[in-house]
Amino acid sequence: MFKGDLFLEAIGPVASAALVTVQLTLAAGAISLLAGALAASAQVGGGFFGAFVSRAYVSLMRGTPLYVQLLVVYFGLAFAGLSGQAFLAAALAIGINSGAYSAEILRGAIAAIPPGQIEAAQAIGMSRWRIWQRVVLPQAFISSLPPLTAELTIVLKSTPLASVVAVTEMTYTGVLIQARNFSAIEVFAVVAVGYIALAQVLLRGSRSLERRFRLLRG
Amino acid sequence: MIGDAGAATPLIRADAISKMFADRWVVDRVSFEVARGEVVCVLGPSGSGKSTMLRCLNWLAPPTAGAIYLAGERLGVHDVAGVEKPLPTRLVRAQRARFGMVFQQFNLWPHRTALQNVMEGLIIVRGLARGEAEARAEAVLSRVGLAARQDAYPAQLSGGQQQRVAIARALAMEPEILLFDEPTSALDPELVGEVLAVMRDLAARDVTMIVVTHEMGFAREVADRVLFMDEGRLVEEAPPGQFFSAPSSARAQRFLDRLLAQNGR
């Protein structure tokens, strides 16, 4: 039987844990974007060595389970003297993992930028770095907004893995409540609704950004 | 301006420049000079190497051989203990910034407004403060008749307007010479006029220009001199009156006949 009171009781704690989930998603998303931009840049303009390192990173991230990556980062941090940094480890692991996918998205967008725009920047004397920063990357981000948002929802849905290292985000909070009052269905229904709500916020935010940027696409 | 020997030094001197692409000489030993304030139109059939020659001048396509001098200064190469070495990229960029270039496809940056397109180089390359850059960009945009559209994004502008913004972007950098690479070829016929009008205005103000074009009317009317290229070579060099009425080479004659047959001009 579905017990309404257990469902209602779970809402408060799960909602406050949603804050952790949001923080984790944003931190991992930012790391993903940064790692993705770096890796895509290295692959397109980093020469032989840069492209090699970048490709190795992408295949390593795509070829191993995120679960394992998280454990490696968590114990790696502990080994480096940062023990017990569960949130940091989870944000890093999820972010770096997702960065490999962001890199592939951005690489495609960079390749689609008309070379004439880069020439126009060269013609007025801009340096390679400035062209990258002012012409290439902003446009790559704008045109990859839809796939990057999709990637961010994947990041959101990867955050429950952080429970492995005892980050009390939404899912782990649900597990803890369920262990206390054996209310699996009720509690995880709340948790599921929480993820749906957060994903909706992401999608809507991305749509409004996309509308704002529609004009800017050549 | 090292090596500037005064008014007698041509602004541009190209000395047997050649460019090879995939085992083919696209530009083949082209030599010419352009004086300060001169308007030179480069004509020729498509594939004759006109655009590549133009891109050699500002080192977007570094020439395979030959030498180019801007106001007496050798471009792209310097002397290191008696040996010619490629110039460091920072210095190549500084030399390139002395040219302005206008492209066939406009090449505006779509994520920036007209005003921002013009300001970009002033801020990033020239290091101007934002306010100063904005004032200068506004002035240049109004010079090409687009003061009212300064906040529009390229996608909101017609082709002719985009090309005028591109001209403003080049002009704002106060180049010593403007290079035009078929500036009206991508435009609908009814939009060509507004771009040519801006270019006429620049010519009247003694802006030095090299214009690769298929607009024979413009060349005849505005150019001080016409260069005719075919198969990578500079075949003929003459004042427009002489070139259009009595070209001295058979190839130029054929080129003009074909144009005449095409559009009755």
Side-chain angles (χ1 to χ4, degrees), chain A residues 33 36-37 40-41 44-48 50 102 105-149 206-218, chain B residues 51 54-55 57-62 88-113 116-127 151-157 162 165-166 168-175 178-181 186:
Chain A
L33 219 49
S41 302
V44 179
F48 180 78
S102 297
I105 293 168
L106 287 171
R107 193 168 60 98
I110 288 168
I113 291 172
Q117 287 189 30
I118 293 161
E119 270 189 354
Q122 287 176 328
I124 58 168
M126 274 165 82
S127 66
R128 267 183 69 171
W129 155 242
R130 286 305 211 167
I131 293 171
W132 204 251
Q133 176 208 7
R134 307 280 305 180
V135 177
V136 176
L137 281 183
Q139 286 191 75
F141 279 123
I142 291 168
S143 65
S144 8
L145 216 46
L148 283 177
T149 314
S206 143
R207 281 208 200 108
S208 87
L209 271 181
E210 241 184 283
R211 263 197 302 278
R212 259 187 68 191
F213 286 145
R214 185 158 302 154
L215 266 184
L216 283 55
R217 300 173 71 172
Chain B
S51 291
L54 199 68
R55 297 154 58 83
L57 295 179
N58 68 349
W59 231 252
L60 274 184
T89 44
R90 189 174 51 83
L91 297 175
V92 169
R93 280 205 307 275
Q95 289 180 336
R96 186 181 287 144
R98 295 168 64 186
F99 293 83
M101 191 162 198
V102 176
F103 300 86
Q104 183 177 353
Q105 301 294 341
F106 332 133
N107 294 345
L108 294 180
W109 301 302
H111 60 304
R112 300 195 190 283
T113 63
Q116 289 168 340
N117 264 277
V118 179
M119 286 168 65
E120 185 73 7
L122 297 175
I123 293 173
I124 299 300
V125 179
R126 292 274 191 262
D151 294 322
Y153 285 96
Q156 297 170 299
L157 298 171
Q162 287 190 52
V165 173
R169 175 173 68 178
L171 269 182
M173 302 295 285
E174 297 180 338
L178 275 177
L179 310 176
F180 290 84
D181 187 6

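Every chain is numbered from 1, with letters handed out A, B, ... down the list of sequences. The shown structure was predicted, so the numbers you read here are calculated from the model rather than taken from an experiment.
Side chain of A:Arg130 to main chain of B:Val125: no donor-acceptor pair is present (N/O by atom type, distance under 3.5 Å, no hydrogens or angles).
Closest approach of B:Arg112 to A:Arg134, counting heavy atoms only: NH2-O, 2.8 Å. The two residues B:His111 and A:Gln139 come nearest to each other via the heavy atoms ND1-CG, 3.3 Å. The two residues A:Ala123 and B:Phe103 come nearest to each other via the heavy atoms CB-CZ, 4.0 Å. Here the closest heavy-atom approach between residue A:Met126 and residue B:Glu120 is recorded as CE-OE2, 3.9 Å. Closest of all the heavy-atom pairs between B:Ala97 and A:Gly125 is CB-CA, 4.3 Å.
Interatomic distance, A:Ile118 CD1 to B:Leu60 CG, rounded to the nearest 0.5 Å: 12.0 Å.
Interface with chain B: from residues 107-114 of chain A, no residue qualifies, criterion being any non-hydrogen pair under 4.5 Å.
Heavy atoms closer than 4.5 Å to chain A are found in the backbone of B:Phe99, but not in its side chain. With a 4.5 angstrom heavy-atom cutoff, B:Leu108 touches chain A only via backbone atoms.
A heavy-atom distance below 4.5 Å is not found between the side chains of A:Glu119 and B:Met101.
Top candidate by heavy-atom pairs under 4.5 Å with chain A, chosen from B:Arg55, B:Arg126, B:Gln105, B:Arg90, is B:Arg55.
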